[in-house]
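Some notes on the structure that comes next.
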Amino acid sequence: MDSEIKIKRYESSDKDVWNDFLQKSKKPLFMFNRNYMEYHSDRFEDHSLLFYHKDKLIALLPVSQDDNEFISHGGLTYGGMVTGENMGQVMMMECFYALEKYCLENGIKGLWYKAVPGILHRQPAEEDLFALHYLGAGIRKMEASTVIRLRDPLKPAKLRKRQVKKAARAGVIVRMNDQQSMYCKFMQLQDRVLRERHNVHAVHTGEEIYLLHSRFPDNIHLYTSELNGQLVGGTIVFIYENAVHTQYLCVDELGRNAGALDAAIYYVIEEYKDKKEWLDFGISTENGGRYLNQGLIQQKEGFGGRTNVYYTWKLTISRDEC
């Protein structure tokens, strides 16, 4: 273990240091920016960490605490180590040894680690995954997301093409619509659809999503599908350096019959095909990947997408290993 690795718990005074390091890192995801993470600080006990080597900041770990376990991060789609370009495998191992020691000293018995998919990396950055494996961690969740390579897409299915044409004939209009009122209407529609089909609620409200859009106007957009002036579907997208992620997709019965969701997805593909490398539809699985929504994933595959896996690891902290 390298005694020169020091870990500091995040404090509000570290905000600028954190955000500056993130911007230059190999995983510069805007959702790791403190202005994003702290919008829901009342829902999670943040216990994020900064790693220093010889007084130089070398890594960040967005993490929340739930009883005696860490989750990286409970309020985010992804988590894990955020590192600079100089981070190599040996140094990452030392960071994890230091993390195990820190956990032991603070009564933390386990780490749930939601790895950032490789398509969102600026540079190769999977030193953390090997370190987890080396230390005996296991994969506890494997969730199937669907991804399109926008600059070299697979041929879409004929059904998806027919739906897009159907929407055009029906008069469906798709546009970017970043008005606060429309975010609220969209999330109300999203919540209603989720309740009716899955008996669950949307994670965000319209007001929350609009707040995040106002903080990150280049990274969050709403694309609506409207029919005769009525909102019938659409998608909220998160924009990363190399990828577009459909954070929310929804359509009501009227929009479904008119092909409105297909039209919105096609619009987004056309909008970003020359700007980004990937379009990530998000997962089509539930219960940690033990249930696959076959209809949903086949619909996404119909646009030329194929599976990219989201991994969640579990590292058990034991005194013997530390």
Side-chain angles (χ1 to χ4, degrees), residues 144-198 202 204 206 209-210 213 220-239 243-284 292-308:
S145 180
T146 306
V147 173
I148 297 174
R149 188 173 186 181
L150 290 172
R151 295 179 183 176
D152 187 21
L154 299 175
K155 187 176 181 180
K158 292 180 180 179
L159 175 59
R160 303 277 66 87
K161 292 181 178 180
R162 289 200 298 268
Q163 287 293 94
V164 172
K165 291 179 180 178
K166 182 180 181 180
R169 291 194 300 269
V172 173
I173 296 175
V174 179
R175 60 190 175 115
M176 182 191 293
N177 196 333
D178 281 334
Q179 299 176 43
Q180 181 175 5
S181 60
M182 194 56 72
Y183 273 95
C184 293
K185 290 179 181 179
F186 178 85
M187 290 309 299
Q188 289 168 2
L189 175 62
Q190 177 77 72
D191 193 69
R192 176 164 59 84
V193 170
L194 286 173
R195 281 189 286 107
E196 292 173 352
R197 296 188 186 176
H198 305 288
H204 299 95
I209 284 285
Y210 182 77
H213 163 72
I220 299 175
H221 294 298
L222 168 62
Y223 291 88
T224 57
S225 291
E226 298 171 58
L227 184 60
N228 299 323
Q230 178 181 341
L231 175 68
V232 294
T235 179
I236 291 175
V237 299
F238 281 14
I239 311 298
V244 182
H245 174 76
T246 53
Q247 186 74 12
Y248 283 106
L249 289 162
C250 80
V251 64
D252 64 11
E253 193 65 27
L254 180 62
R256 188 176 300 107
N257 293 333
L261 184 56
D262 291 78
I265 293 171
Y266 179 76
Y267 187 98
V268 170
I269 291 172
E270 289 296 303
E271 177 73 15
Y272 291 99
K273 67 180 183 181
D274 296 322
K275 302 174 184 176
K276 303 294 179 183
E277 185 72 20
W278 308 99
L279 186 147
D280 182 357
F281 281 114
I283 64 173
S284 300
L292 174 65
N293 187 326
Q294 296 185 18
L296 179 59
I297 201 166
Q298 287 174 341
Q299 180 185 23
K300 296 173 180 178
E301 289 173 345
F303 285 95
R306 293 298 183 266
T307 297
N308 185 55

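Just so it is clear, the values below take in all heavy atoms, side chains as well, and ignore hydrogens, waters and symmetry mates.
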Query - Heavy-atom check, side chain of Ile148 versus side chain of Phe281, under 4.5 Å - result: yes

**Report entry** Smallest separation among heavy atoms of Ala263 and Val172, with atom names
**Finding:** CB-CG1, 4.4 Å

**Report entry** From CA spacing to verdict: side chain to side chain contact (heavy atoms under 4.5 Å, CB included), Phe303, Leu279
**Finding:** CA-CA 10 Å; Phe303 285 95; Leu279 186 147; over 6 Å; no

Report summary line: Nearest heavy-atom contact between Val232 and Gly255 is CB-CA, 3.7 Å

Query raised in the report: Checking side chain to side chain contact (heavy atoms under 4.5 Å, CB included) for the pair Ile236/Met187: CA distance, chi angles, key distance, verdict?
Result: CA-CA 9 Å; Ile236 291 175; Met187 290 309 299; 3.7 Å; yes

Report summary line: For Thr307 and Ala144 the tightest heavy-atom approach is CG2-CB, 4.0 Å

Query raised in the report: Hey, what do you get for CG (Leu150) to CD (Glu277), rounding to the nearest 0.5 Å?
Result: 7.5 Å

Query - Parallel, tilted or perpendicular, as decided by the 30° and 60° cut-offs, for the rings of His213 and Tyr210 - result: tilted

**Report entry** Audit row: Gln247, Ile209, side chain to side chain contact (heavy atoms under 4.5 Å, CB included) steps and yes/no
**Finding:** CA-CA 11 Å; Gln247 186 74 12; Ile209 284 285; 5.5 Å; no

Report task. Would you name the heavy atoms of Leu227 and Ala170 that are closest together and state the gap between them? Result -> CD1-O, 3.2 Å

Query raised in the report: Distance from Leu231 atom CG to Phe186 atom CZ, nearest 0.5 Å?
Result: 7.5 Å

Query - Main-chain N/O of Gly282 paired to Lys300 side chain as donor or acceptor, under 3.5 Å - result: yes

Query raised in the report: Heavy atoms, side chains only, cut-off 4.5 Å: are Ile239 and Lys276 in contact?
Result: yes

Query raised in the report: Does Tyr248 offer a backbone N or O that forms a donor-acceptor pair with the side chain of Thr235 under 3.5 Å?
Result: yes

Query raised in the report: For the side chain of Asp178 and the backbone of Leu222, is there at least one donor-acceptor N/O pair under 3.5 Å apart?
Result: yes

Requested in this report: Rounded to the nearest 0.5 Å, what's the gap from OG on Ser145 to CD1 on Ile297? Could you check?
Outcome: 8.0 Å

Requested in this report: Please examine the side chains of Gln190 and His204, heavy atoms only from C-beta on, and report whether any two atoms are closer than 4.5 Å.
Outcome: no

Query raised in the report: Among pairs that include at least one residue of residues 157-166, which meet side chain to side chain donor-acceptor pair (under 3.5 Å), considering only residues two or more places apart or in two chains?
Result: Arg160-Asp262

Query raised in the report: If you count the non-hydrogen atoms of other residues, nucleotides and ligands that lie under 6.0 Å from CD in Gln294, is the total more than 12?
Result: no

Report task. Hey, could you give me the CG/CD distance between Leu296 and Glu301, rounded to the nearest 0.5 Å? Result -> 10.0 Å

Report task. Tell me yes or no: between the side chains of Tyr183 and Asn177, is some donor less than 3.5 Å from an acceptor? Result -> no

Report task. To the nearest 0.5 Å, tell me how far Asp280 CG sits from Thr246 OG1. Result -> 6.5 Å

Query - From Trp278 atom CH2 to Arg151 atom CZ, the distance as rounded to the nearest 0.5 Å - result: 11.0 Å

Requested in this report: Of all the heavy-atom pairs spanning Ala264 and Ser225, show the shortest one and how long it is.
Outcome: CB-OG, 3.4 Å

Report task. Show your reasoning for whether side chain to side chain contact (heavy atoms under 4.5 Å, CB included) applies to Leu249 and Ile265. Result -> CA-CA 9 Å; Leu249 289 162; Ile265 293 171; 4.0 Å; yes

Query raised in the report: Within the distance-only criterion (no hydrogens, no angle test), does the side chain of Asn293 pair as donor or acceptor with the backbone N or O of Ser284 below 3.5 angstrom?
Result: no

Requested in this report: Answer yes or no: does atom CD1 of Ile173 have more than 12 heavy-atom neighbours from other residues, nucleotides or ligands under 6.0 Å?
Outcome: no

Query raised in the report: Closest heavy-atom contact between Gly234 and Leu261?
Result: O-CD1, 3.7 Å

Query raised in the report: How are the rings of Tyr223 and Tyr267 set to each other: parallel, tilted or perpendicular (split at 30° and 60°)?
Result: tilted

